[in-house]
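Worksheet for the structure shown next.
Small disclaimer: the values here were computed from a predicted structure and weren't measured.
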Amino acid sequence: YQELIDFYTIDIVNKKVEELYPKKDINQKPSRMQLKKAIHALIDESVKNALKMVNLEGYEKRKVDSMSGGQQQRIAIARAIINKPKILLLDEPLAALDLKLRQNMQYELKEMQRKLGITFIFVTHDQEEAMVMSDTIIVMNGGKIQQIGRPEDIYNTPTNRFVASFIGEANIIPGVYSDKRRLTMLNKTFKVSSLDLEVGDKVYIIVEKEDFDVAPLESAKLIGHVR
């Protein structure tokens with residue numbers, strides 16, 4: 001039982017032994033059987049705590065193949081957190097779930113992370129899921145990091161065209177830095193804040209769907225056709 005004793009630490013095991021078998025003599029040492037029962041009691045407690053964390057209390061004896069897809073996902077998470085890791089890697093954990101269950105699990109995972117107080121590395125190809133779940137997002141392409149930042153920074157100030165097209169539903173329009181604090185696109189020039197660019201540099205202007213309005217023709221800055 002040395003590995004289990006090392007996992008729980010000898011102090012935790014001894015405390016559980018004393019709880020189960022109060023000492024009659026201060027020099028009394030626990031027997032091998034007492035250590036065994038104490039360790040099994042600790043394992044049972046850990047299992048129950050992990051199942052409680054994923055809202056599956058009372059499922060200790062349930063067979064995995066008798067559970068729903070969502071319950072199986074929770075069991076997989078319980079098995080991971082029972083070891084009390086400092087970092088937990090979740091590789092597309094919600095990909096196989098239907099929309100409603102996936103949304104519920106997103107909330108539960110956020111709550112679980114808050115309660116456990118450990119770092120979750122959440123791998124996903126779902127942009128909306130990344131924005132909802134994350135404190136920090138790392139956008140990767142071809143194994144290379146494109147941008148690291150808070151969800152709002154990734155969304156509002158993407159560093160390149162790939163990030164802009166990956167996050168959100170942006171309109172990406174080619175343009176030119178035509179003069180100091182001036183950008184030209186679609187044959188129209190707009191004032192902008194100071195940019196670290198040279199006059200004549202080609203740029204991409206990102207216009208998110210919530211950043212423009214349909215206006216009367218006489219007051220419109222850009223004129224186009226709805227198709």
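- Within 6.0 Å of atom CG in Asn187, 12 or fewer heavy atoms from other residues, nucleotides or ligands are found, so the atom counts as exposed in its surroundings.
- Take Asp179 and apply the salt bridge (Lys or Arg N to Asp or Glu O under 4.0 Å) test, not counting sequence neighbours, and it matches no residue.
- Thr189 approaches Ser178 most closely through the heavy-atom pair CG2-OG, 4.1 Å.
- Using a 4.5 Å cut-off between side-chain heavy atoms of Ile, Leu, Val, Met, Phe, Trp and Tyr, with links allowed through other members, Ile82 and Leu116 fall into the same hydrophobic cluster.
- Not counting sequence neighbours, the partners of Val203 by the side-chain contact (heavy atoms from CB on, under 4.5 Å) test are Leu183, Leu197, Ile205.
- In this structure, the separation between CG on Leu99 and CG on Asn104 is 9.5 Å, given to the nearest 0.5 Å.
- A pairwise comparison of heavy atoms in Gln106 and Val132 identifies OE1-CG1, 4.0 Å as the closest pair.
- Here side-chain hydrogen bond (donor to acceptor under 3.5 Å, both in side chains) pairs that include residues 133-144, with residues two or more places apart or in two chains, number zero.
- Met105 and Leu89 sit in two unconnected hydrophobic clusters of ILVMFWY residues. Membership requires side-chain heavy atoms under 4.5 Å apart, directly or through other members.
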Donor-acceptor list for residues 107-114 side chains, cut-off 3.5 Å, not counting sequence neighbours:
unit_1	atom_1	unit_2	atom_2	d
Glu108	OE2	Arg74	NH2	3.2
Lys110	NZ	Met133	O	3.2
Glu111	OE1	Arg114	NH2	2.9
Gln113	NE2	Ile118	O	2.8

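- The two residues Gln146 and Asn160 come nearest to each other via the heavy atoms OE1-ND2, 2.9 Å.
- Atom CD1 of Ile154 sits about 8.5 Å away from atom CD1 of Ile148, to the nearest 0.5 Å.
- When the side chains of ILVMFWY residues are joined at heavy-atom separations under 4.5 Å, either directly or via intervening members, Val192 and Met185 end up in a single hydrophobic cluster.
- Arg102 and Leu94 get closest at one heavy-atom pair: CD-O, 3.4 Å.
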Please output the side-chain donor-acceptor pairs of residues 51-66 that fall under 3.5 Å, not counting sequence neighbours, one pair per line with the distance.
unit_1	atom_1	unit_2	atom_2	d
Tyr59	OH	Gln71	NE2	3.2
Ser66	OG	Lys63	O	2.6

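- Counting all heavy atoms, side chain and backbone alike, Ala164 lies closest to Ile206 at CB-CD1, 3.3 Å.
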*asked:* Between Lys191 and Arg182, is the side chain to side chain contact (heavy atoms under 4.5 Å, CB included) condition met? List the steps.
replied: CA-CA 5 Å; Lys191 292 181 180 180; Arg182 296 288 189 277; 3.4 Å; yes
Validation: residues 120-128 side-chain donor-acceptor distances under 3.5 Å, sequence neighbours left out:
unit_1	atom_1	unit_2	atom_2	d
Thr124	OG1	Asp126	N	3.0
Thr124	OG1	Glu129	OE1	2.8
His125	ND1	Glu92	OE2	2.4
Asp126	OD1	Glu128	N	3.0
Asp126	OD1	Glu129	N	2.9
Gln127	NE2	Phe166	O	2.8

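- In the hydrophobic clustering of this structure, Phe190 groups with Leu186; members are Ile, Leu, Val, Met, Phe, Trp, Tyr whose side-chain heavy atoms approach within less than 4.5 Å, directly or through other members.
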